[in-house]
Amino acid sequence: MIEVISIPPLATIQDLGRFGYWAQGLGRAGAMDPLAHRVANLLLGNDEEAATLEIPLTPAQFRFVEDSNFALVGAASKATLDGVSLPRVWAGNARAGQVLTLGPLTQGAQVYLSLPGGIDVPRVLGSRSTQLREAFGGIEGRVLEAGDILRPVSASTQMRPLSYSLPPLRPLGGADIVLRVLPSAETEEFSQASRDAFFSQTYTITPASNRQGYRLQGPELTRQATGELRSHGIAPGIVQVPGGGQPIIQLADSATMGGYPKIACVIEPDLWRIGQARAGDNVRFELITLAEARDAEIEETALLENCRRLLDLHEFQKGWS
Amino acid sequence: MPKSGVFPIGSRTFLYQVDCPFDLEHQRRFWSMAETLGQRDDVVEAVPGMTNVTIRFERVPNELATLERDLDALWATGDKKDLTGKVLEIDTTYGGAGGPHLQDVCSLTGLTVDEVVRLHCRSDYTVYAVGSHAGYCYLGGLDPRLETPRRKVPLKTLPGGSLSIAGLQTGVSASAGPSGWNTIGSADVCFFDPTRKPASLLRPGDQIRFKPTEVIA
Amino acid sequence: MYSETEMTRLVEAMRRTGSKLLEVDGAGDHLRLVLGDAEPAASEIAPLNAAPKEQVKSPGLGRFIAVGRDDGLEPVSAGAAVSEGQVLGYIDDDGVRLPFCAPAAGTLTAALVAEGQVTGYGDVLFELEVVQ
């Protein structure tokens, strides 16, 4: 059990999202970096769908009210437990009274804190994710504040510390975050110059970016057709281009329907990369085929399966000491 | 007019649209498609939009061409879903603090406040689609004399229950949020309650009738 | 000492990490697994001397990964002062990592294994001159 000592008003309880209510206008919410969220759970032996605390802004401080296992995964945060520095991917023990402090985030934009069995909040409409607009889910449908208590679903046991090597956010030696995309309905309506620019130049994440969507700035995109589009269902990862010519990537808390022209969509296995992008980071869009998107999905599944398998093996190795 | 075809919205989410008129007859065909698609094992959810349907799959589909053929075949059946028969009456206050743009609409249309209110509430509206935010209904049936452009500067936040019009559309917001439409009144209704079953008050095929309980000129 | 399933898993782990030799001390037992045509490698143990030294041992079978690569921590070098509980490195098994920490505050000797080298459970990775 953890007490929040201090935290900026942006952190929310999330799981892998709320499905089944899209037809009722409910966005899927869920972790901005589902991979880090999953790893934070796997390291504690939790179901991947267990709830974690998503922390997009620091500094933050937490006090362990009782002896507890915990995991911290994602961006580097100069995390310390009673002054001892923790790596950015960590699962281990804390004693009652110890204080976990998170400092400035680097190498990413989200940190996930998990507890044994997941953070204990009620499921609403099938999920523990926070629905901020409709103000339900997570902790009372709101961001966390000082004094909040986070309870684990399960009891803790003495565990050996664990870590994991997350895939790199950028390709080796690269300065840009590369996002693999498929074309969308209005791609061909943009000028050749616009398409060339969009699929090869860098775009910068602006500060006007949040869980609803990330606004980018870069070479202007000109749509040659005119006329409003009919509203249709949209999903996290869709890249829209409103009148101003600058792209927006809709994300976890976006509206469920939209009508802006769509130039591309980021594939699901790369959504975590957007989630870990910070204002000022550069991204580049790489156009791929459906077959390549399928390969990326298979690769992602294999990565998680391998992680699960190895952690199971290490459970067995615990008995050696 | 929309381009016919199937287009990625994500690696597992696809939009199917048809170059067809924007009317109730064609919308009813998309209601039927969404319902049929939602029953497929490989589909997580399918959502009707404004004469289109967006489908979220469990996995990345194998081939776009096969998907397009399947969807075209489904469209070609011509199956239509009927209106549900449910008509929800909503008490509405026009103008005042809840309807800050009522006078603007009068200026834009050349109508008086009474004429705007009369034209707005004299016919029943059909819920074409539910989306944008939870419980929000896209309504068809606005009298063309009430057509107005979207506002140049959207309002950053409007309370839930705000009744707005823009283009040939009208709707009532279900929760607080931004809006670029002309807000002409407020309605006392809870469109979305996560503790209710179903959570959303209305679904495609239902109808709404606005009853003016007060008009503040 | 070990069941057949456990032995199979040990051998699998050795193959995965490219380790040809594994020696484990259990309670009153000793296990030595040799794969293929391996020559037993000489252990690298620093000579004993008078100063009190604690040994920092490998928590498992895998490749040694130093601190400070992409983990958000500062690198740790020979002669550095470290505090009790400070993470000194990891043993990596195909992405899953076992961190190991300083058992006490002190000054660290140089790493006794190279980055990427496969270590077995109990291998000495660093020595620590304990602060009195």
Side-chain angles (χ1 to χ4, degrees), chain A residues 35 39 42-43 72-95 98 102-108 111 159-170 172 302-321, chain C residues 1-3 5-14 16-17 22-27 29 31 57-63 65-76 80 82-105 120-122:
Chain A
L35 182 60
V39 170
L42 288 176
L43 291 177
L72 201 64
V73 179
S77 62
K78 295 203 175 312
T80 59
L81 183 66
D82 267 11
V84 176
S85 293
L86 301 177
R88 71 186 182 100
V89 181
W90 173 265
N93 305 303
R95 289 188 313 279
Q98 286 193 306
L102 304 187
L105 298 184
T106 55
Q107 295 183 41
V111 183
M159 70 176 280
R160 145 196 306 193
L162 283 172
S163 185
Y164 182 73
S165 170
L166 291 170
L169 182 54
R170 296 171 176 79
L172 198 58
L303 179 91
L304 287 165
E305 185 45 51
N306 196 46
C307 180
R308 264 179 237 122
R309 190 179 58 86
L310 288 168
L311 285 169
D312 276 345
L313 271 176
H314 280 281
E315 267 301 297
F316 143 71
Q317 286 179 21
K318 236 170 34 178
W320 287 7
S321 50
Chain C
M1 182 179 167
Y2 289 103
S3 70
T5 319
E6 289 163 342
M7 296 278 262
T8 309
R9 281 182 170 169
L10 278 179
V11 170
E12 243 187 74
M14 287 174 72
R16 208 170 48 243
T17 55
L22 176 71
E23 303 212 47
V24 184
D25 278 305
D29 293 289
L31 173 72
K57 295 188 181 175
S58 170
L61 175 64
R63 294 186 188 282
I65 303 284
V67 145
R69 295 265 170 278
D70 64 348
D71 56 1
L73 296 176
E74 294 301 314
V76 164
V82 299
S83 39
E84 182 180 337
Q86 181 170 341
V87 179
L88 301 179
Y90 314 90
I91 297 306
D92 178 293
D93 180 4
D94 203 14
V96 169
R97 292 182 170 174
L98 300 180
F100 56 90
C101 308
Y121 176 77

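The chains referred to below are lettered A, B, ... by the order of the sequence lines, with proteins before strands, and numbering in each begins at 1. Only this structure's heavy atoms are used, side chains among them; waters, hydrogens and symmetry mates stay out.
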**Q** Against chain C, label A/Arg309 side chain, backbone, both or neither, depending on which of its atoms sit under 4.5 Å from a heavy atom there.
**A** side chain
**Q** Tell me, out of C/Ile65, C/Asp94, C/Val96, C/Val87, who's got the most heavy-atom pairs with chain A below 4.5 Å.
**A** C/Val96
**Q** Return the minimal non-hydrogen interatomic distance between C/Pro59 and A/Arg160, and the atom names on each side.
**A** O-NH1, 3.4 Å
**Q** For the atom pair CG (C/Asp93) and CG (A/Leu311), what is the distance rounded to the nearest 0.5 Å?
**A** 9.5 Å
**Q** Looking at C/Ser83, C/Gly85, C/Pro99, which one has more heavy-atom pairs under 4.5 Å with chain A than the rest?
**A** C/Pro99
**Q** What part of A/Val89 gets within 4.5 angstrom of chain C, counting heavy atoms only: side chain, backbone, both, or neither?
**A** neither
**Q** Quick check on A/Asp82 against chain C: is it the side chain, the backbone, both or neither that has a heavy atom closer than 4.5 Å?
**A** neither
**Q** Can you find a heavy atom in the side chain of C/Tyr90 that is under 4.5 Å from one in the side chain of A/Pro87?
**A** yes
**Q** Would you say that A/Arg88 contacts C/Asp70 through its side chain, given a criterion of any heavy-atom pair below 4.5 Å between the two side chains?
**A** yes
**Q** Counting heavy-atom pairs under 4.5 Å to chain C, which of A/Ala76, A/Cys307, A/Pro161 comes out on top?
**A** A/Pro161
**Q** So which of A/Leu81, A/Leu86, A/Thr106 has the biggest tally of heavy-atom pairs under 4.5 Å with chain C?
**A** A/Leu86
